[in-house]
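Residue numbers begin at 1 in each chain, while the letters A, B, ... track the order of the sequences. This one's a predicted model, so the numbers in the text were calculated from it and none came from an experiment.
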There are 2 protein chains.
Amino acid sequence: MYITLSAETRPDPGPLTHDAANRMRPATLLKQGRHLFHEGDEVERIYQVKTGVVRLTRMLEDGRRQVIAFGYPGDIIGFPADGCHHTDCEALVDTTLNVFRRTALDHGDGDPELHVALLKAALKEISEMQDHVMMLGRKSASERVASFLAVITQRYGEKMGSHRRISLPMPRSDIADFLGLTTETVSRAFSALRNEGVIALNGAQTIIVMESARLQQLALGDD
Amino acid sequence: MYITLSAETRPDPGPLTHDAANRMRPATLLKQGRHLFHEGDEVERIYQVKTGVVRLTRMLEDGRRQVIAFGYPGDIIGFPADGCHHTDCEALVDTTLNVFRRTALDHGDGDPELHVALLKAALKEISEMQDHVMMLGRKSASERVASFLAVITQRYGEKMGSHRRISLPMPRSDIADFLGLTTETVSRAFSALRNEGVIALNGAQTIIVMESARLQQLALGDD
DNA sequence: CGACTCCTTGAGCAGCTTCAATCGATGTGG
DNA sequence: CCACATCGATTGAAGCTGCTCAAGGAGTCG
């Protein structure tokens with residue numbers, strides 16, 4: 001999950017293709033808090049999130065942390081670069097994953113459709129990452145938070161009459177490390193949105209988006 | 001070109017593979033200042049920079065700009081997402097490019113090696129982009145500038161005794177938009193490095209790196 | 001030489017971070 | 001069932017980093 005605002009809804013988060021589904025190993029369960037892999041591990045498998053949410057992080061020597069992405073259902077996780085993982089991956093909630101062999105990237109495991117699908121997924125990831133770069137490089141704190149909420153709402157929000165409800169499985173610190181901010185700044189931005197009536201908070205995890213159009217405006221700096 | 005610090009030197013920036021080279025169209029020339037494509041254009045071809053340097057940018061409605069990447073020799077440019085370009089691409093100097101059909105992504109244009117090579121290039125781009133995200137999200141201005149110079153030095157610096165020389169084909173404003181800073185901040189960071197004897201400036205475009213080890217320390221926040 | 005563009009430097013300001021205290025939800029033991 | 005401990009979230013106050021605005025310098029091209 002990166003910060004991409006687009007009009008179209010998310011494609012079916014099911015298996016890559018019917019054929020691809022036939023080739024993959026049975027889904028595995030990753031319990032909340034458990035790591036799927038660590039930075040530096042050799043890449044042996046590639047995963048697609050089936051249900052749940054995972055977090056991809058990278059660290060600097062001195063402990064500064066960046067959340068690279070959140071993996072939501074349908075997202076492909078664990079693309080290798082020179083053979084090893086460059087992020088840690090941890091489950092934010094109990095998560096099930098479809099598993100593919102790494103070799104599927106080289107020759108598609110005899111399944112050209114799978115190969116093409118993986119390439120497509122990689123291209124989508126590049127594009128979404130570009131949005132994330134734009135956000136980190138050029139958007140203000142409040143714009144970043146609005147962007148984050150707008151994307152989650154658009155992709156994963158449940159309709160509730162004219163409103164939408166989203167649940168945030170990650171703590172504020174993960175959101176902060178994703179957006180390049182501190183937890184305090186994220187919290188203040190949430191409060192500001194609440195005070196303006198754009199969102200309502202129901203505990204820290206559940207958010208009612210009252211004015212999603214306004215949220216998208218704010219995400220683009222249209223204030 | 002993203003901000004990746006790694007020990008190994010850059011692989012041969014020649015054509016993807018011998019076979020792939022045979023399949024591609026003859027190299028084209030893109031004069032300095034000319035656009036290869038614009039944001040929103042339909043993707044018809046994919047390019048590999050042969051000589052020269054290009055700049056990939058993305059804009060926000062209100063004019064804020066982010067340089068997503070610089071394309072140096074060997075880099076693949078123009079990966080599509082839902083069929084169209086999401087960045088502008090402009091040549092910073094006269095540039096030659098190898099050209100591939102977009103369909104090479106779908107079925108390799110009958111060349112499986114090419115298909116694999118493109119996928120590999122996409123995976124590398126994802127990894128480098130992750131470094132860029134880490135930098136924008138968590139590094140200070142001086143660390144970003146040091147990272148930028150360290151990478152350029154490592155990959156493209158010419159040896160000059162114990163020093164290395166690099167030439168920066170892009171103006172300060174492009175560096176600033178790449179690093180998520182302003183030109184003034186970039187300029188100040190350059191001056192600080194000069195005052196500390198880490199680099200020497202020979203005009204604005206040519207830089208002598210006196211202490212590249214120190215530069216890499218600074219890039220990682222080891223000050 | 002003069003005009004232009006880009007780069008550098010300075011001064012003041014704003015936004016975000018840091019540090020610190022409080023609040024609120026959750027869970028545990030008495 | 002309540003008191004209390006714990007952890008995350010929120011809010012406040014002060015400080016710092018990087019931005020804005022402005023002026024001057026350096027290289028380039030007519």
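A:Asn98 CG to A:Ile46 CD1: the interatomic distance, rounded to the nearest 0.5 Å, is 12.5 Å.
Mapping A:Val186 and A:Gly203 onto DNA chain C via the closest heavy atom, the residue that lands nearer the 5' end is A:Val186. Between A:Arg138 and A:Pro171, it is A:Pro171 whose nearest contact on DNA chain D lies nearer the 5' terminus.
Here A:Arg172 does not reach the OP1 or OP2 of D:dT11: none of its side-chain N or O atoms lies under 4.0 Å away. For the OP1/OP2 pair of D:dA9 and a distance below 4.0 Å, the side-chain nitrogens and oxygens of A:Thr183 include no atom meeting the criterion.
Straight-line distance from the CD atom of B:Glu184 to the P atom of D:dA23: 14 Å, rounded to whole Å. For B:Gln205 and C:dT5, the CD to C1' distance is 12 Å, given to the nearest whole Å. Protein atom CG of A:Leu181 is 15 Å distant from nucleotide atom P of D:dA9, rounded to whole Å. One interatomic measurement links the two molecules: CZ of B:Arg144 to P of D:dT17, which rounds to 14 Å at whole-angstrom precision. C:dC16 atom C1' lies 14 Å from atom CG of A:Leu179, rounded to whole Å. Between A:Asn202 atom CG and C:dA25 atom C1' there is a gap of 13 Å when expressed in whole angstrom units. Between the CG atom of A:Leu92 and the P atom of D:dG8 there is a distance of 14 Å, given to the nearest Å. Nucleotide D:dG12 holds its P atom 9 Å from the CZ atom of A:Arg188, rounded to whole Å.
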Verdict with supporting geometry, B:Lys31 and B:Glu90, salt bridge (charged side-chain N to carboxylate O under 4.0 Å, His left out): CA-CA 9 Å; B:Lys31 298 281 271 182; B:Glu90 183 180 324; over 6 Å; no
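Taking a cutoff of 4.0 Å between a charged side-chain nitrogen and a carboxylate oxygen, A:Arg55 and A:Asp88 do not qualify as a salt bridge.
Annotation: cation-pi geometry not satisfied between B:Arg65 and B:Phe178 (NZ/CZ under 6.0 angstrom from ring centroid, within 45° of ring axis).
Counting only heavy atoms from C-beta outward, the side chains of A:Leu179 and A:Val145 approach each other to under 4.5 Å.
Here A:Thr185 lies in heavy-atom contact (under 4.0 Å) with a base. Backbone-only contact: A:Leu201 has heavy atoms under 4.0 Å from sugar-phosphate atoms and none from a base. Here A:Ser191 lies in heavy-atom contact (under 4.0 Å) with sugar-phosphate atoms only.
When each of C:dT9, D:dC19, C:dC16 is scored by its nearest atom to the side-chain atoms of B:Thr182, the top-ranked nucleotide is D:dC19.
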